Number of protein chains: 2
Amino acid sequence: MPGRCRGEGGQFRPRWKRGMRFTLRPALLLLLAEGDSHGYELMDQLDSIGFDSNELDSSIVYRHLRDMEEMGFIHSTWDDDSKGPRRRVYQIKEAGASRLCGWLESLDHVRGQIEILQKRYQNIKEQEEKK
Amino acid sequence: MPGRCRGEGGQFRPRWKRGMRFTLRPALLLLLAEGDSHGYELMDQLDSIGFDSNELDSSIVYRHLRDMEEMGFIHSTWDDDSKGPRRRVYQIKEAGASRLCGWLESLDHVRGQIEILQKRYQNIKEQEEKK
DNA sequence: GCTTACTATCTGCTTTTTGTCAATAGATGA
DNA sequence: TCATCTATTGACAAAAAGCAGATAGTAAGC
């Protein structure tokens with residue numbers, strides 16, 4: 001099941017899982033558009049958008065959050081009332097909402113690229129079968 | 001037309017156009033699966049997969065090709081018969097074909113993520129309208 | 001013959017982004 | 001007390017991308 005690609009096995013070092021990261025910021029912004037949250041919780045919520053929390057180091061998530069705060073897309077406040085260690089709770093800002101919209105446009109273009117690749121790959125496979 | 005996202009303008013430094021490159025290797029492999037080619041020609045062919053050649057530095061393409069050769073996915077030979085400067089003509093190898101297949105599976109997952117993001121963004125927009 | 005432009009590839013250097021690993025710290029339960 | 005879960009941060013290394021320019025053959029126009 002994991003892979004209908006022949007000859008896949010072997011020594012390929014997964015440069016992939018890196019690179020997939022560029023859906024991460026839009027995903028975080030979307031989650032914050034759905035409601036305020038903090039880093040640790042966002043980590044959990046991310047798997048509803050197809051991220052595998054096992055392969056996602058928390059430092060990456062926190063870094064993106066701080067970067068996006070620096071860029072003015074989100075804003076954070078400390079929550080000391082909750083149990084356990086204090087949480088930095090993020091909320092999306094106006095600039096973040098419009099950036100999310102822009103990123104989704106870019107992602108739509110990427111989706112188009114992927115669909116082209118899939119179609120043309122199908123064509124190749126069909127040609128090979130005819131022979 | 002370029003952007004139905006309010007408030008997009010301003011000081012956003014485009015970290016984006018960088019980073020989107022992760023469809024590039026699959027695209028190059030696909031083009032080579034369709035037929036042998038050389039770097040300069042591949043640059044042209046890429047716009048049929050939604051790459052803007054204006055924003056794509058040739059050194060990046062050449063570098064990816066050499067990397068993929070080093071990884072054993074493709075193989076090159078010099079073509080001295082053609083006019084102009086000599087070309088390094090690439091052909092896809094067996095390992096490259098199965099890697100392409102694997103990458104397309106990963107990309108399919110990314111496509112799924114993007115669709116989730118789009119759907120949930122739609123939901124947010126609809127909720128906002130109701131208010 | 002000289003200049004310009006197009007084809008074609010490669011290298012070096014810098015910045016940006018990711019990955020990895022570990023430190024810190026409160027709360028909870030055995 | 002010790003392990004474990006929650007929660008965030010920092011430092012350093014590796015990978016990828018951006019940028020600028022070197023090199024070179026060919027062809028067209030003057």
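Everything quoted here is computed from the prediction, not taken from an experiment. Throughout, protein chains are lettered first and strands after them, A, B, ... in sequence-line order, and every chain is numbered starting at 1.
Considering all non-hydrogen atoms of both residues, L46(B) and A27(B) come closest at CD2-CB, 3.8 Å.
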Distances under 3.5 Å only, N/O to N/O: pair up the protein atoms with those of nucleotides 4-8 of chain C.
| residue | atom | partner | partner atom | Å |
| --- | --- | --- | --- | --- |
| dT7(C) | OP2 | Y40(B) | OH | 3.2 |
| dA8(C) | OP1 | R87(B) | NE | 2.6 |
| dA8(C) | OP1 | R87(B) | NH2 | 2.3 |

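Taken from CG in L29(A) to SG in C101(A), the straight-line distance is 11.5 Å, to the nearest 0.5 Å.
The phosphate of dT18(C) has OP1 or OP2 within less than 4.0 Å of a side-chain N or O from H64(A).
A straight line from CG of D80(B) to C1' of dA24(D) spans 13 Å, rounded to a whole angstrom. For the pair E55(B) CD and dC19(D) C1', the interatomic distance rounds to 15 Å; values are reported in whole Å. Atom CG in D57(A) sits roughly 13 Å away from atom P in dT18(C) (whole-Å rounding). Rounded to whole Å, atom P of dA27(C) lies 13 Å from atom CG of D79(A). Between the CZ atom of F22(A) and the C1' atom of dA17(D) there is a distance of 15 Å, rounded to whole Å. Between the C1' atom of dT20(C) and the CG atom of N54(A) lies a distance of 16 Å, rounded to the nearest Å. Rounded to an integer number of Å, the gap from L42(B) CG to dC10(C) P is 13 Å. Regarding L65(A), its CG atom lies at a distance of 12 Å from the C1' atom of dA7(D), rounded to whole Å.
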With a cut-off of 3.5 Å and sequence neighbours excluded, list every side-chain donor-acceptor pair involving residues 71-83 of chain B.
| residue | atom | partner | partner atom | Å |
| --- | --- | --- | --- | --- |
| S76(B) | OG | E69(B) | OE1 | 3.2 |
| S76(B) | OG | E69(B) | OE2 | 2.9 |
| S76(B) | OG | R88(B) | NH1 | 2.9 |
| D79(B) | OD1 | D81(B) | N | 3.0 |
| D80(B) | OD1 | R86(B) | NE | 2.9 |

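Residue S59(B) places no side-chain atom within donor-acceptor reach of the base of dT9(C), judged by atom type and a 3.5 Å distance cut-off alone. Side-chain N/O atoms of R63(A) and base N/O atoms of dG10(D) include no donor-acceptor pair closer than 3.5 Å.
For the salt bridge (Lys or Arg N to Asp or Glu O under 4.0 Å) condition, the pairs that include at least one residue of residues 107-127 of chain A, sequence neighbours left out, are D108(A)-R111(A), R111(A)-E115(A), R120(A)-E34(B), K125(A)-E128(A).
Evaluation of the salt bridge (Lys or Arg N to Asp or Glu O under 4.0 Å) rule for R66(A) yields no partner, not counting sequence neighbours. Here R63(B) pairs with nothing under the side-chain hydrogen bond (donor to acceptor under 3.5 Å, both in side chains) rule; sequence neighbours left out.
Hydrophobic cluster membership of Y62(B), counting Ile, Leu, Val, Met, Phe, Trp and Tyr whose side-chain heavy atoms lie under 4.5 Å apart directly or via other members: Y40(B).
The 5' end of DNA chain D is approached more closely, in terms of each residue's nearest nucleotide, by S58(A) than by the other of S58(A) and L56(B).
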